[in-house]
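Here is the structure we will look at, set down as structure tokens.
Chain letters run A, B, ... following the sequence lines, proteins first, then strands; residues in each count from 1.
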Amino acid sequence: MSRVISKKFFDRATVTVAEELLGKTICRRLKSGKILRARITETEAYDGFEDRASHAHKGVTTRNVVMFGPPGRSYVTLCYGVHCLFNVTTREKGYPAAVLIRGLHGVDGPGRTTKYLQIDRSQNDQLLNRVNGLWLEDDGIGPEQGSVIALPRIGVEYAGTNWSKKPWRFNWSAN
DNA sequence: TGCGCGATTCTC
DNA sequence: AGAATCGCGCAT
């Protein structure tokens, strides 16, 4: 038995949301009608105005404006001109924050995640619900106590050690 | 209007 | 180790 995760889940501390997203299921309805489902195994938190690793740390721009919007929406960005990355926004409107979905069960890497789920920039800034074909579900299955590890975020060395070393990446290796 | 760069991944 | 590839952000 699964329930759709609502906006309220994301209107909380970003690091908490990042950790609790482990084990939740991403659901994606393709144009064909087929529905893909995959469990989240790795996330990263990007939080607030001060976080120098975040796209939002220099203030609002056309690119990052979704991060400043309401929680529970999709934030899809093109990375290195090659790969789309999928985030879910957190915190209240006006506060820039999001959780990057880095990996799914059997799908390792943020670029591979969007490729598998067939998410591109046309899915940017959408409410996550069934109507929009992209949503999250909680079936009650998730990491056991102690099976989540916190690690430094990847690819953000430019942010300086203070920020790049923060253990804001959460990994659940289900066996 | 132009230029440099990145929350990555794949191939050599 | 290096390429691929392009929208964005900031400087002309």
**A:R52 CZ - B:dG6 P separation (whole Å)** = 13 Å
**A:Y46 over B:dA7, stacked by centroid distance under 5.5 Å, angle under 30°** = yes
**Message:** For the CG atom on A:D108, are there more than 12 heavy atoms of other groups (residues, nucleotides or ligands in this structure) within a distance under 6.0 Å?
**Reply:** no
**Message:** Please classify the nucleic acid contact of A:V156 as base, sugar-phosphate, or nothing, using heavy-atom distances under 4.0 Å.
**Reply:** sugar-phosphate
**Fill in**
Here the distance between atom C1' of C:dG7 and atom OH of A:Y75, to the nearest Å, is 11 Å
**Request:** Rounded off to whole Å, could you give me the OH-to-P distance for the A:Y158 and C:dG9 pair?
**Result:** 13 Å
**Asked** When you check the phosphate oxygens OP1 and OP2 of C:dC8, does a side-chain N or O of A:T61 lie under 4.0 Å from one of them?
**Response** no
**Complete:** Numerically ordered, the residues 63-71 of chain A set in heavy-atom contact under 4.0 Å with DNA chain C is A:R63
**Item:** Short side-chain N/O contact from A:H83 to OP1 or OP2 of B:dT9, under 4.0 Å
**Value:** no
**Short side-chain N/O contact to C:dG9 OP1/OP2 from A:T62, under 4.0 Å** = yes
**Atom-to-atom span, CZ of A:R102 to C1' of B:dT8 - whole angstrom** = 9 Å
**Prompt:** In whole angstroms, how far is the P atom of B:dA7 from the NE2 atom of A:H55?
**Reply:** 4 Å
**Prompt:** With a non-hydrogen cut-off below 4.0 angstrom, is A:R112 in contact with a base, only sugar-phosphate, or nothing?
**Reply:** sugar-phosphate
**Message:** Under 4.5 Å side-chain heavy-atom separation, chaining through any Ile, Leu, Val, Met, Phe, Trp or Tyr, what else clusters with A:Y95? Say none if it is isolated.
**Reply:** A:Y46, A:F49, A:V60, A:V65, A:V66, A:M67, A:F68, A:Y75, A:L85, A:L100, A:V156, A:Y158
**Asked** Using Watson-Crick pairs (N1 to N3, plus N6-O4 or O6-N4) and G-U wobble pairs, both distances under 3.5 Å, which stems of at least 3 pairs involve DNA chain C?
**Response** B:1-6 with C:6-11, B:8-11 with C:1-4
